[in-house]
Amino acid sequence: MDSKVAEFDLIERIRRRIATRSDVLLGIGDDAALLQLPAGMQLVVAMDTLNSGVHFPPETAPADIGWKALAVNLSDLAAMGALPAWCTLSLSLPDANSDFVDGFLDGFLALAEQHDIALVGGDTARGPLSICVTVHGFIEPGTALRRDGACVGDDLWVSGSLGDAAAALSQWRAGGAIDPGLRARLDRPTPRVSLGRALRGIATSCIDISDGLLADLGHVCKASDVGVRVDVDALPASQALRACFDAEAIRRLQATGGDDYELCFSAPVELRSAVIESASTHAPVTRIGRIVSRNGVSALDASGVAWQPGQAGFRHFE
Ligand code: ADP
Ligand code: MG
């Protein structure tokens with residue numbers, strides 16, 4: 001920041017607008033936050049950083065950046081089956097731009113309110129535009145959805161639809177018009193928090209899709225020591241995606257595009273109706289494959305022919 005005054009002014013702008021919770025004994029304003037964990041619960045902690053030009057196009061509206069910064073973190077809590085409670089926010093800004101901070105808070109706090117998550121502290125510094133959020137949630141002991149519990153024979157499921165965010169990004173990179181429906185999915189992903197909660201006791205493993213379905217499933221295979229067979233023709237696609245791309249491009253975007261923030265989970269075949277019933281009030285779910293004994297992630301089309309993506313998943317620093 002140009003001066004301490006500017007930094008304090010920004011922090012005060014944030015403090016004035018935040019909602020709090022009764023378990024926040026001390027929030028923004030002291031050296032650290034003081035928080036009351038509910039009896040018998042375990043703490044679930046996740047952190048995600050968004051850098052301008054890497055995680056969002058530089059011209060993204062501040063409110064969308066604010067929404068996304070929290071959404072990608074809530075998605076990690078969702079993938080664990082955790083109940084969101086508190087978050088902290090580290091803001092690195094090129095200058096003490098109060099318009100940016102006000103807009104950022106519009107999006108960030110709108111999503112925070114939906115999930116009753118309280119902003120309890122953070123840090124504000126000068127540097128390239130970068131936002132780092134830490135989220136804290138609660139989980140009943142022994143009920144967390146982990147990557148290492150998938151069992152051979154389980155069904156593989158995914159929530160919502162896949163490929164929209166990557167489709168918007170590809171339209172943006174091509175320099176043409178971006179479909180508004182696809183753009184909304186890139187800028188304002190929906191963290192599947194209530195679905196994650198509903199899957200406790202049903203799903204054997206769960207992951208949120210941030211780097212592309214096939215790449216993220218690789219993590220589940222490794223952690224669970226299993227393989228997975230994905231039916232690429234079963235992957236759910238939105239109307240907007242179908243309207244804008246051909247069949248092969250859709251498959252590639254769905255299977256390898258990133259930024260979906262949908263939940264991909266395994267569940268025993270016997271619990272199919274339980275999955276559908278418990279998911280019904282939270283998000284649509286689609287069965288997309290099966291957990292098998294070996295060979296990592298394989299993708300097959302409806303006739304059982306192996307399908308090879310051009311490039312599997314988004315990787316940083318490559
Ligand atoms: P310190 O120098 O002790 O780290 P700071 O001046 O960085 O204190 O922060 C003062 C208070 O404002 C702390 O409670 C801190 O958590 C909070 N804070 C600073 N930046 C942010 C931010 N971007 N969002 C939320 N709270 C913030
Ligand atoms: Mg500080």
Side-chain angles (χ1 to χ4, degrees), residues 1-38 41 43-78 80 82-138 187-189 191 193 210 261:
M1 296 297 109
D2 294 336
S3 68
K4 269 285 162 195
V5 176
E7 180 187 333
F8 291 149
D9 175 59
L10 290 183
I11 296 171
E12 182 54 23
R13 288 182 102 82
I14 296 170
R15 197 196 57 76
R16 269 205 310 260
R17 289 184 59 181
I18 58 161
T20 187
R21 295 167 39 121
S22 59
D23 54 8
V24 180
L25 308 179
L26 199 52
I28 294 175
D30 212 306
D31 290 315
L34 193 57
L35 308 166
Q36 183 63 53
L37 196 61
M41 293 291 238
L43 193 59
V44 184
V45 180
M47 172 194 272
D48 253 320
T49 300
L50 263 61
N51 290 326
S52 180
V54 179
H55 301 94
F56 55 87
E59 69 267 29
T60 305
D64 291 335
I65 299 171
W67 175 286
K68 189 163 183 173
L70 184 57
V72 302
N73 277 278
L74 285 172
S75 179
D76 284 325
L77 290 185
M80 300 299 292
L83 185 66
W86 312 307
C87 61
T88 55
L89 167 65
S90 174
L91 275 178
S92 165
L93 302 171
D95 51 60
N97 182 338
S98 55
D99 287 343
F100 176 88
V101 171
D102 290 344
F104 178 91
L105 289 173
D106 289 343
F108 189 96
L109 296 178
L111 185 60
E113 190 183 355
Q114 279 185 20
H115 293 277
D116 188 27
I117 186 167
L119 179 60
V120 300
D123 199 23
T124 307
R126 181 143 74 153
L129 180 59
S130 174
I131 299 104
C132 180
V133 173
T134 306
V135 284
H136 296 72
F138 308 144
D187 288 340
R188 296 213 170 203
V193 174
S210 52
Y261 302 103

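Numbering of ligands and ligand atoms starts at 1, following listing order.
- In this structure a side-chain-to-backbone donor-acceptor pair under 3.5 Å is present from R21 to D116.
- Under the 4.5 Å side-chain criterion, counting only non-hydrogen atoms from C-beta, V193 is in contact with P84.
- Below 3.5 Å of separation, one finds an N or O of L89 facing an N or O of ligand 1.
- For the side-chain hydrogen bond (donor to acceptor under 3.5 Å, both in side chains) test, no residue two or more places apart in sequence or in another chain qualifies with Q114.
- For atom 14 (O) of ligand 1, the choice among L91, D123, D30, I131 with the nearest heavy atom turns out to be D30.
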Dump the intermediate steps for side chain to side chain contact (heavy atoms under 4.5 Å, CB included) on D23 and F138, then the final yes or no. CA-CA 12 Å; D23 54 8; F138 308 144; 3.9 Å; yes
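- Contact annotation: for T88 versus ligand 1, there are no heavy atoms closer than 4.0 Å.
- Counting atoms of ligand 1 from 1 in the listed order, those under 4.0 Å from a heavy atom of G29 are 11 (C), 13 (C), 14 (O).
- Not counting sequence neighbours, the partners of S130 by the side-chain hydrogen bond (donor to acceptor under 3.5 Å, both in side chains) test are N51.
- By the 4.0 Å heavy-atom criterion, R15 is excluded from the residues contacting ligand 1.
- You'll find the side chain of D187 stays beyond 4.5 Å of the side chain of W67, heavy atoms only.
- Near D31, meaning under 4.0 Å from any of its heavy atoms, are these atoms of ligand 1: 3 (O).
- Contacts of T124 with ligand 1, taken as heavy-atom pairs under 4.0 Å, involve both backbone and side chain.
- In this structure a side-chain-to-backbone donor-acceptor pair under 3.5 Å is missing from W86 to T134.
- For the pair K68 and D48, the salt-bridge criterion is not met [side-chain N within less than 4.0 Å of a carboxylate O].
- Short contacts between ligand 1 and I14, defined as distances under 4.0 Å to a heavy atom of the residue, involve ligand atoms 22 (C), 23 (N), 24 (N).
- Ligand 1 has no N or O atom lying under 3.5 Å from any N or O atom of G27, backbone or side chain.
- In I28, the parts holding a heavy atom less than 4.0 Å from any atom of ligand 1 are both the side chain and the backbone.
- Atom numbering of ligand 1 starts at 1 in the shown order; those under 4.0 Å from a heavy atom of E7 are 6 (O), 7 (O).
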